Amino acid sequence: MSAQIIDGKKVAGELKLQIREDVENWVKAGNRRPFLKVLQVGTDPASTAYIGAKTRSCNEVGIDTDTTHLPDTVSAKELKSVIKSFNENDGIDGILVQLPLPSHLSSHDVIESIDHRKDVDGFHPMNVGRLAVDQPTFKSCTPAGIFELFKYYSIPTKGKHAVVVGASNIVGTPMSVMLSRESSTGKATTTICHKYTRDITVHTIAADILVVAAGQPNLIKAEMVKEGAVVIDVGINRVADETRERGYKLVGDCDFEGLKQKVSWITPVPGGVGPMTVAMLMKNTLLAAKKSIYPD
Ligand code: BQF
């Protein structure tokens, strides 16, 4: 048996067409076009590439956007005063601070300084807390995108054993919360593995749904998964490849070729979860403009 491939690029494209229509209807009804402000600290090339993908998506769906660049020497005080000016600017609906930040800056402090009503990444403690208690919120884009894939492909989560590998604030933790909670789909029995887990295979082999966000190429091999499992690979790793003009290729955290023979569904890298993350950012920005989560 060979797995069915979850085509995140296709699903993201369809979602963006829907969002574009929603944006046009919002503007036709007499509202200002939604505006996303992106803040980049420093010049990390991967961050620049991700911001490029987000800017292109904004253009596709009709959301206005621009990026403010600050030097990697910026102080916490200066950065927070810039964010404060964005918070107070009524022309800005969504604010995104591209991560990671230089090490002298605390991402906790910076994220907390964003107005939670403009936190389209869903990283502010207000939004994370509301997620945990099943209230309407800006959901972290990657887990939200994975749930859109479950919906699109009619992959049930209710009553399943879901295992999340990786406990980051951005992916693993909100994913485990969304899987375990009652709302939307969810309703799974959820295990979360992290760097202190003694034997991850004990857990991964028991998973009906396996979500891997560890940032380690080839971490998950065929012998570590259950026959017929659903595998969601969130990893995006650069590995050297001389045959590519860039000198590298992108791979996930899973041995895709090995797993494909054994599981029922699997996401590729690239073209799996990544495009969904960006599409959900567009959705959150429209929700912010419409004040759908936090009415005035
Ligand atoms: C694809 C990200 C790690 C650290 C910071 C499409 C993206 C990626 C892959 C993308 C990511 C990962 C983003 C693909 C945004 C996802 O075709 O497979 C899009 O742009 N992402 C980010 O902003 O910061 C990160 C991963």
Side-chain angles (χ1 to χ4, degrees), residues 1-15 139-140 142-168 171-195 197-237 250-277 279-280:
M1 197 193 77
S2 190
Q4 293 185 266
I5 308 300
I6 296 177
D7 189 345
K9 192 167 180 184
K10 179 184 85 176
V11 179
E14 291 183 17
L15 270 173
K139 293 190 178 85
S140 180
T142 299
I146 294 169
F147 271 88
E148 287 293 329
L149 291 172
F150 291 157
K151 191 162 94 184
Y152 187 92
Y153 290 100
S154 303
I155 295 169
T157 58
K158 184 175 163 189
K160 301 291 183 188
H161 185 193
V163 175
V164 179
V165 180
S168 71
V171 181
T173 298
M175 187 69 205
S176 69
V177 170
M178 288 170 71
L179 281 163
S180 58
R181 292 297 323 209
E182 185 77 29
S183 74
S184 59
T185 38
K187 303 177 178 70
T189 303
T190 308
T191 300
I192 184 152
C193 299
H194 43 59
K195 58 178 169 296
T197 303
R198 277 186 227 138
D199 182 357
I200 73 164
T201 302
V202 167
H203 304 285
T204 57
I205 200 110
D208 303 312
I209 298 169
L210 181 63
V211 180
V212 190
Q216 214 174 298
N218 243 8
L219 177 68
I220 305 296
K221 302 171 195 73
E223 62 271 22
M224 297 169 70
V225 303
K226 179 154 79 180
E227 184 104 36
V230 175
V231 176
I232 306 296
D233 190 349
V234 186
I236 300 179
N237 307 289
L250 294 180
V251 300
D253 293 347
C254 299
D255 169 21
F256 181 84
E257 292 305 321
L259 261 60
K260 214 171 65 176
Q261 312 306 318
K262 193 170 179 187
V263 303
S264 60
W265 293 93
I266 190 165
T267 59
V269 178
V273 175
M276 294 300 294
T277 298
M280 297 319 284

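Fair warning: this is a prediction, and the values are worked out from it, not measured in the lab.
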A.B. asks: I'd like to know if the side chain of T173 and the backbone of A167 have a donor-acceptor N/O pair within less than 3.5 Å.
C.D. replies: yes
A.B. asks: Going from CD on E14 to NZ on K9, what distance comes out if it is rounded to the nearest 0.5 angstrom?
C.D. replies: 13.5 Å
A.B. asks: Do the non-hydrogen side-chain atoms of V273 and I232 ever get within less than 4.5 Å of each other?
C.D. replies: yes
A.B. asks: What I'd like to find out is whether the side chain of K139 reaches to under 4.5 Å of the side chain of M178, using heavy atoms alone.
C.D. replies: yes
A.B. asks: Once rounded to the nearest 0.5 Å, what's the spacing between atom NZ of K158 and atom CG of L179?
C.D. replies: 15.0 Å
A.B. asks: Is a side-chain N or O of S2 found less than 3.5 angstrom from the main chain of Q261, in a donor-acceptor match?
C.D. replies: no
A.B. asks: Give, for atom SG of C193 and atom NE2 of H203, the distance between the pair rounded to the nearest 0.5 Å.
C.D. replies: 5.0 Å
A.B. asks: Please determine whether side-chain contact (heavy atoms from CB on, under 4.5 Å) holds for the pair V165 and I192, giving the CA-CA distance in whole Å, both sets of side-chain angles, and the decisive distance to 0.1 Å.
C.D. replies: CA-CA 6 Å; V165 180; I192 184 152; over 6 Å; no
A.B. asks: State, yes or no, whether a side-chain contact exists between I209 and H161 at a heavy-atom distance under 4.5 Å.
C.D. replies: no
A.B. asks: Is the side chain of K187 donor-acceptor paired with the backbone N or O of G159 at a distance under 3.5 Å, no angle test?
C.D. replies: no
A.B. asks: Roughly how far apart are T190 OG1 and R181 CZ, rounded to 0.5 Å?
C.D. replies: 11.0 Å
A.B. asks: Is the side chain of T157 donor-acceptor paired with the backbone N or O of G186 at a distance under 3.5 Å, no angle test?
C.D. replies: yes
A.B. asks: Take T189 and K160, measure what side-chain contact (heavy atoms from CB on, under 4.5 Å) needs, and give me the verdict at the end.
C.D. replies: CA-CA 6 Å; T189 303; K160 301 291 183 188; over 6 Å; no
A.B. asks: Can you tell if the side chain of T267 reaches within under 4.5 Å of the side chain of V231, non-hydrogen atoms only?
C.D. replies: no
A.B. asks: Which heavy atom in P275 sits nearest to a heavy atom in G8, and how many Å separate them?
C.D. replies: CB-O, 4.0 Å
A.B. asks: Do D7 and Y153 have side chains that approach each other closer than 4.5 Å (heavy atoms only, starting at C-beta)?
C.D. replies: yes
A.B. asks: Just how far is it from atom NZ of K226 to atom OG of S264, taken to the nearest 0.5 Å?
C.D. replies: 10.5 Å
A.B. asks: Are side-chain heavy atoms of I5 and F256 found at a separation under 4.5 Å?
C.D. replies: yes
A.B. asks: Is V269 close to V251 at the side-chain level, that is, under 4.5 Å between some pair of heavy atoms?
C.D. replies: no
A.B. asks: Go through the steps to decide whether M224 and I200 satisfy the test side-chain contact (heavy atoms from CB on, under 4.5 Å), and finish with yes or no.
C.D. replies: CA-CA 8 Å; M224 297 169 70; I200 73 164; 3.8 Å; yes
A.B. asks: Passes side-chain contact (heavy atoms from CB on, under 4.5 Å), V230 versus D208? Steps please.
C.D. replies: CA-CA 6 Å; V230 175; D208 303 312; over 6 Å; no
A.B. asks: Would you say M276 and L15 make side-chain contact, with heavy atoms under 4.5 Å?
C.D. replies: yes
A.B. asks: Can you see which heavy atom on A229 is nearest to which on A207, and at what distance?
C.D. replies: CB-O, 3.6 Å
A.B. asks: Given V234, which partner from the list D253, I146, V212 fulfils the side-chain contact (heavy atoms from CB on, under 4.5 Å) test?
C.D. replies: I146
A.B. asks: Per the side-chain contact (heavy atoms from CB on, under 4.5 Å) rule, which among L210, D255, D233 passes with I220?
C.D. replies: L210
A.B. asks: Is it true that a side-chain atom of T142 and a backbone atom of T277 form a donor plus acceptor pair closer than 3.5 Å?
C.D. replies: no
A.B. asks: Of all the heavy-atom pairs spanning G252 and N237, show the shortest one and how long it is.
C.D. replies: O-ND2, 2.9 Å
A.B. asks: Looking at NZ of K10 and OH of Y152, how far apart are the two atoms once the value is rounded to the nearest 0.5 Å?
C.D. replies: 3.5 Å
A.B. asks: Please check this pair: side chain of S168 against backbone of V171, looking for a donor-acceptor N/O pair closer than 3.5 Å.
C.D. replies: yes
